[in-house]
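Okay, so here's the structure we're looking at.
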2 protein chains.
Amino acid sequence: MTSYEQLLQVLRDEGHRLTPQRLIVLRVVAEGRQHMGVDEVFREAQSAYPFMDLATVYRTLRLFKQVGLVTEVAIGDRLHYELTHPEDRHHHMVCRVCHGAFNLSPHYLEEFNRTLVNEFGFVPDLDHFAITGVCVNCRPESSGEVGIGSEEFTLNEDVP
Amino acid sequence: MTSYEQLLQVLRDEGHRLTPQRLIVLRVVAEGRQHMGVDEVFREAQSAYPFMDLATVYRTLRLFKQVGLVTEVAIGDRLHYELTHPEDRHHHMVCRVCHGAFNLSPHYLEEFNRTLVNEFGFVPDLDHFAITGVCVNCRPESSGEVGIGSEEFTLNEDVP
DNA sequence: TTCCTTTTTGCAATGAGTTGCAAATACTTG
DNA sequence: CAAGTATTTGCAACTCATTGCAAAAAGGAA
């Protein structure tokens with residue numbers, strides 16, 4: 001059983017139907033780069049299946065998020081999606097200036113998470129956690145050195 | 001000079017014009033409860049100034065946010081605004097189930113903030129920080145006790 | 001006060017995302 | 001493999017928020 005078929009099994013197990021649209025959106029996201037924008041997913045899906053509707057893409061991505069197949073990241077006001085890799089869970093730091101996204105190891109949020117649960121009984125949704133700010137490259141006084149644990153990648157689509 | 005006039009002075013000092021629309025929106029937010037939704041601000045402003053336009057409310061709130069008069073909080077996908085009280089800065093924990101918002105003292109984020117800056121050179125926007133999750137009242141296994149530092153208030157408008 | 005320049009408003013159009021509903025279709029059972 | 005049912009799709013309409021642009025108005029100078 002390939003890893004793609006394992007993903008399909010997740011859908012089947014939860015009682016969701018395997019429609020051509022879902023198979024194609026899943027393949028597009030699985031084979032695409034990190035953080036695909038919805039319009040990007042839509043264009044690629046449509047080229048494989050011309051009847052694809054944008055609303056279906058939105059609904060499908062929302063479903064995939066619910067069952068944990070993909071992770072949603074809000075980058076510069078727009079929703080982006082990436083395949084969930086359980087062995088490489090990470091959060092995001094999104095730069096308000098360049099719209100670049102940096103991965104952040106869950107380790108850095110563990111203590112914060114414990115504090116919220118213990119002090120307030122509040123269980124935060126860290127799976128969809130992203131924090132905006134200004135990255136080291138976009139800071140005027142930036143002097144360069146960055147520690148380990150961060151992995152940058154810049155969007156190659158236009159984000160206004 | 002009243003505190004309301006001090007707020008106006010902030011606008012004047014930055015070269016913004018004092019239009020009737022801005023005065024009214026400021027008064028509505030200053031006298032309203034915490035976390036007012038945009039539509040709520042709009043309705044109240046319109047009842048004081050019938051020509052008020054929704055786009056003006058959005059632009060005005062955005063301006064007020066830029067100059068620091070108000071703080072923007074995203075609650076359940078919608079933008080909410082509250083007057084900024086410099087002596088009572090706080091972040092928000094927003095419950096995904098009941099849409100209630102809990103204040104969170106900046107103290108709990110200080111270490112996280114330091115870590116991001118020191119390790120990654122990333123300066124997070126903590127002023128607009130809100131984290132979603134499930135609050136103690138909405139957790140099935142909730143056993144009740146909550147520590148100090150949290151102050152709850154529930155929305156009295158409908159959030160779907 | 002009057003004139004002038006620049007900002008701001010109101011309106012309509014746009015963009016991202018969601019939703020209601022009838023038609024289409026995936027899966028189940030016989 | 002055919003029929004039945006519940007889910008899903010496609011379309012259009014809708015919501016929240018933003019934006020382009022001409023008309024209106026705020027604030028400064030004469």
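Below, chain A is the first sequence line, B the second, and so on; all start at residue 1.
- As a whole-Å value, the separation of A:F42 CZ from C:dG17 P is 13 Å.
- For C:dT9, the OP1/OP2 oxygens have no side-chain nitrogen or oxygen of B:T56 closer than 4.0 Å.
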Practice problem: Output, in order, the C-alpha distance, side-chain angles, deciding distance and verdict of side chain to side chain donor-acceptor pair (under 3.5 Å) for A:Q66 and A:H16. | Solution: CA-CA 12 Å; A:Q66 278 163 20; A:H16 301 292; over 6 Å; no
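- Looking at B:V25 and B:F64, their side chains come closer than 4.5 Å, going by heavy atoms from C-beta outward.
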Exercise. Fill in the dot-bracket string of DNA chain C, one character per base: . for unpaired, | for a pair to another strand, ( ) or [ ] for pairs within the strand, taking Watson-Crick or G-U pairs under 3.5 Å.
Key: ||||||||||||||||||||||||||||||
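- One interatomic measurement links the two molecules: CG of B:L61 to C1' of C:dT8, which rounds to 15 Å at whole-angstrom precision.
- When rounded to the nearest whole Å, the span between CZ of B:R43 and P of D:dC16 equals 10 Å.
- Nucleotide D:dC16 holds its P atom 11 Å from the NE2 atom of B:H80, rounded to whole Å.
- If you take CD of A:E14 and P of D:dT7, they are 14 Å apart, rounded to a whole angstrom.
- Summarising the geometry, the separation between CZ on A:R12 and P on C:dA26 is reported as 14 Å, rounded to the nearest angstrom.
- A:H91 and A:F129 have perpendicular rings, their planes meeting at more than 60° on a 0 to 90° scale where under 30° would count as parallel.
- The side-chain heavy atoms of B:T60 and B:L26, taken from C-beta on, include no pair separated by under 4.5 Å.
- For the salt bridge (Lys or Arg N to Asp or Glu O under 4.0 Å) test, no residue two or more places apart in sequence or in another chain qualifies with A:R17.
- Counting only heavy atoms from C-beta outward, the side chains of B:L23 and B:Y4 approach each other to under 4.5 Å.
- The structure places OG of B:S3 at 9.5 Å from CG of B:L8, a figure rounded to the nearest 0.5 Å.
- Between B:D88 atom CG and B:L83 atom CG the span is 11.0 Å, to the nearest 0.5 Å.
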Contacts under 3.5 Å, N or O only, protein and nucleotides 18-21 of chain D:
unit_1: D:dG20; atom_1: O6; unit_2: B:R59; atom_2: NH1; d: 3.3

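- Counting only residues at least two apart or in different chains, salt bridge (charged side-chain N to carboxylate O under 4.0 Å, His left out) contacts with residues 21-31 of chain B comprise B:R27-B:E31.
- Among residues at least two apart or in separate chains, salt bridge (charged side-chain N to carboxylate O under 4.0 Å, His left out) pairs with a member in residues 51-70 of chain B are B:K65-B:E72.
- Only B:R17, B:T19, B:Q21, B:R22, listed by number, bring a heavy atom of residues 17-25 of chain B to less than 4.0 angstrom from any atom of DNA chain C.
- Between the CZ atom of A:F51 and the CD atom of A:Q46 there is a distance of 10.5 Å, given to the nearest 0.5 Å.
- One atom, CG of A:D53, and another, P of C:dT18, lie 14 Å apart when rounded to the nearest Å.
- Rounded to an integer number of Å, the gap from B:L63 CG to D:dA26 P is 16 Å.
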